[in-house]
Protein chains: 2
Amino acid sequence: MTLAETIAAIPLFEGLFPQQNETLARIARKMTFCREERIFSEGDDGRGLHVVVSGRVKIFKLSPSGKEQILHIFGPGDPFGEIALFSGRTYPAHAEAHSDCQVLFFPRREFAECIAADPSLAINMLAVLSQRLRKFAQLIEDLSLKEVPGRLAAYLLFLSRREGGSGKVTLEVTKGQLAGLLGTIPETLSRILAKMSRQGLIEVNGACIELRQIEELESLAQGESRLV
Amino acid sequence: MTLAETIAAIPLFEGLFPQQNETLARIARKMTFCREERIFSEGDDGRGLHVVVSGRVKIFKLSPSGKEQILHIFGPGDPFGEIALFSGRTYPAHAEAHSDCQVLFFPRREFAECIAADPSLAINMLAVLSQRLRKFAQLIEDLSLKEVPGRLAAYLLFLSRREGGSGKVTLEVTKGQLAGLLGTIPETLSRILAKMSRQGLIEVNGACIELRQIEELESLAQGESRLV
DNA sequence: AATCCGCTTTGACTCAGGTCAAGGTGGGAG
DNA sequence: CTCCCACCTTGACCTGAGTCAAAGCGGATT
């Protein structure tokens with residue numbers, strides 16, 4: 001896949017003036033990272049925009065005691081590190097290669113020129129940031145107003161819908177990672193999965209989980225009921 | 001203050017083509033709300049962008065059991081309800097007049113045309129959304145990785161810096177509201193304030209709080225120490 | 001096949017913080 | 001002045017979830 005094709009396949013760059021794609025291709029730098037390699041750290045000076053080409057990238061916060069809260073897990077086509085572009089200059093969180101991955105990098109100044117030159121790019125960017133805000137608002141609600149079983153139920157239902165609502169989902173992250181995503185720790189997650197199994201809400205088989213009582217899971221996710 | 005002057009004073013609209021201000025003035029609608037009046041609710045269809053003119057507006061999430069998590073308290077010049085403009089169509093949270101207030105409203109379609117017509121507006125909007133994301137990332141970190149005393153300490157330090165670092169701050173919200181802002185409840189907040197007083201970290205006098213041991217508060221805010 | 005190592009599960013314990021209920025306290029209305 | 005109501009504080013209690021420690025359980029390596 002050529003660089004131009006790669007860029008054309010990125011949703012953020014859809015609907016641009018054709019010459020913008022060329023400009024973007026000219027200023028892009030391709031970088032590769034190994035699994036677990038740090039891409040940038042919270043507080044680092046943001047030098048530009050990143051876009052995942054292949055593999056997965058984890059964006060996360062870390063507490064002094066080592067607990068991690070995952071903010072996003074991004075895959076091919078997803079931009080990241082945008083916040084440092086438009087406000088302040090520093091990254092608000094850490095970014096790490098979740099698997100071996102390739103990333104396109106667009107230097108700040110040149111990318112800013114592209115945005116000024118093509119309103120579509122700005123509008124696409126606004127859409128991306130809005131989606132992030134929406135997701136964050138949801139995460140804040142979950143962390144502040146729901147208990148772990150509720151968050152887990154919400155996440156499972158989300159996965160199930162994304163995969164076509166078959167009622168069967170496959171975790172693409174380890175359970176430890178899932179705990180980080182839900183704002184808890186592996187032990188607690190494990191207990192809750194066990195409890196949900198015992199109640200017949202779900203059936204767990206390694207990374208594969210079958211949702212057996214959607215109704216009940218939904219009421220859990222809404223915080224309307226609790227796990228006994 | 002004329003409508004044009006009001007609009008010219010909004011940071012979001014700084015640096016636009018002059019005729020944009022006129023367009024904005026033409027499409028703007030002024031609305032007034034009484035204290036506690038609902039401006040919009042989570043899930044409502046978003047019809048446009050709001051900007052606070054006077055008074056304060058509270059943006060918040062609500063749990064089924066009635067606990068509230070405040071996301072923002074906005075004052076004059078702050079835009080809100082933007083997420084529904086650029087992604088999905090529904091508001092992700094509730095908005096309520098925190099005091100009697102006036103709000104400018106820009107209908108979605110007309111405002112979208114303004115954005116397409118003037119890159120500066122799009123860029124200003126990107127800056128606004130980025131700041132919001134940064135703030136949310138911080139709130140997520142606080143909720144997930146810090147305990148209530150740490151969040152409170154961070155908030156007090158934040159206020160103190162914003163007011164010039166004098167070490168004396170005045171709460172402009174009730175303690176109950178502050179609890180909602182910190183993701184806890186009034187009782188817990190009250191206990192922690194009492195404990196901090198007892199330790200000599202702060203001195204409370206109604207809505208006025210004096211920070212007496214900045215060092216210690218900072219280490220609390222970083223999650224490096226705990227409140228005994 | 002044997003070893004190892006990372007992930008996961010389970011149990012026992014602790015504790016931050018939420019719930020419920022009972023007073024304080026202070027400012028505005030009559 | 002005093003009554004009231006909304007806000008705040010305090011106490012007793014409970015529970016969700018984190019910590020620590022000890023096994024399971026595979027999959028990969030040799």
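Protein chains get the first letters and strands the later ones, always in sequence-line order, with residue 1 at the start of each.
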(Q) Nearest whole Å is fine: how far is D:dT15 C1' from A:Lys146 NZ? (A) 20 Å
Q: Would you mind reading off the distance between A:Lys195 atom NZ and C:dT10 atom P, rounded to a whole angstrom?
A: 13 Å
Q) Given D:dT15, is OP1 or OP2 found less than 4.0 Å from the side-chain N or O atoms of A:Arg226? A) no
Q: For the pair B:Glu147 and B:Arg226, find out whether any cationic side-chain nitrogen is under 4.0 Å from an anionic carboxylate oxygen.
A: yes
(Q) Measuring from the side chain of B:Thr184 (C-beta onward, heavy atoms only), which nucleotide among C:dT10, C:dG18, D:dT9 has the closest atom? (A) C:dG18
**Q.** Side-chain ion pair, A:Arg132 and A:Glu82, N-O less than 4.0 Å
**A.** yes
Q | d(CD1, B:Ile185; C1', D:dC13) in whole Å | A | 13 Å
Q: Measure from CD on A:Gln177 to C1' on C:dC7 and round the result to the nearest Å.
A: 11 Å
Q | Lys/Arg-Asp/Glu bridge criterion (N-O < 4.0 Å) met for A:Glu172, A:Arg56 | A | no
Q. Rounding to a whole Å, what distance do you find between B:Leu152:CG and C:dA16:P?
A. 16 Å
Q.
Tell me if the side-chain of B:Arg191 makes a donor-acceptor pair with the base of D:dG11, cut-off 3.5 Å, by modelled atom types.
A. yes
Q. Starting at CG of A:Leu227 and ending at C1' of D:dA17, how long is that distance when rounded to a whole Å?
A. 13 Å
Q.
Under 4.0 Å from OP1 or OP2 of C:dT19: is there any side-chain N or O of B:Lys67 that close?
A. no
Q) Atom CG of A:Leu189 to atom C1' of D:dG16: distance rounded to whole Å? A) 15 Å
Q: Find the distance A:Glu147:CD to D:dT15:C1' and express it as a whole number of Å.
A: 9 Å
Q) Is any side-chain N or O of B:Thr174 closer than 4.0 Å to OP1 or OP2 of D:dC7? A) no
Q) Is any side-chain N or O of A:Arg198 under 3.5 Å from a base N or O of C:dT10, one able to act as donor and the other as acceptor? A) no
Q | Aromatic ring proximity B:Phe80/B:Tyr91, centre distance under 6.0 Å | A | no
Q.
Of the listed nucleotides (D:dG18, D:dA21, C:dC20), which one gets closest to any side-chain atom of A:Glu187?
A. D:dA21
Q) Quick check, are the ring centers of A:Phe106 and A:His50 under 6.0 angstrom apart? A) no
Q. What nucleotide, of D:dA17, C:dT9, D:dT10, holds the atom closest to the side chain of A:Ser190?
A. C:dT9
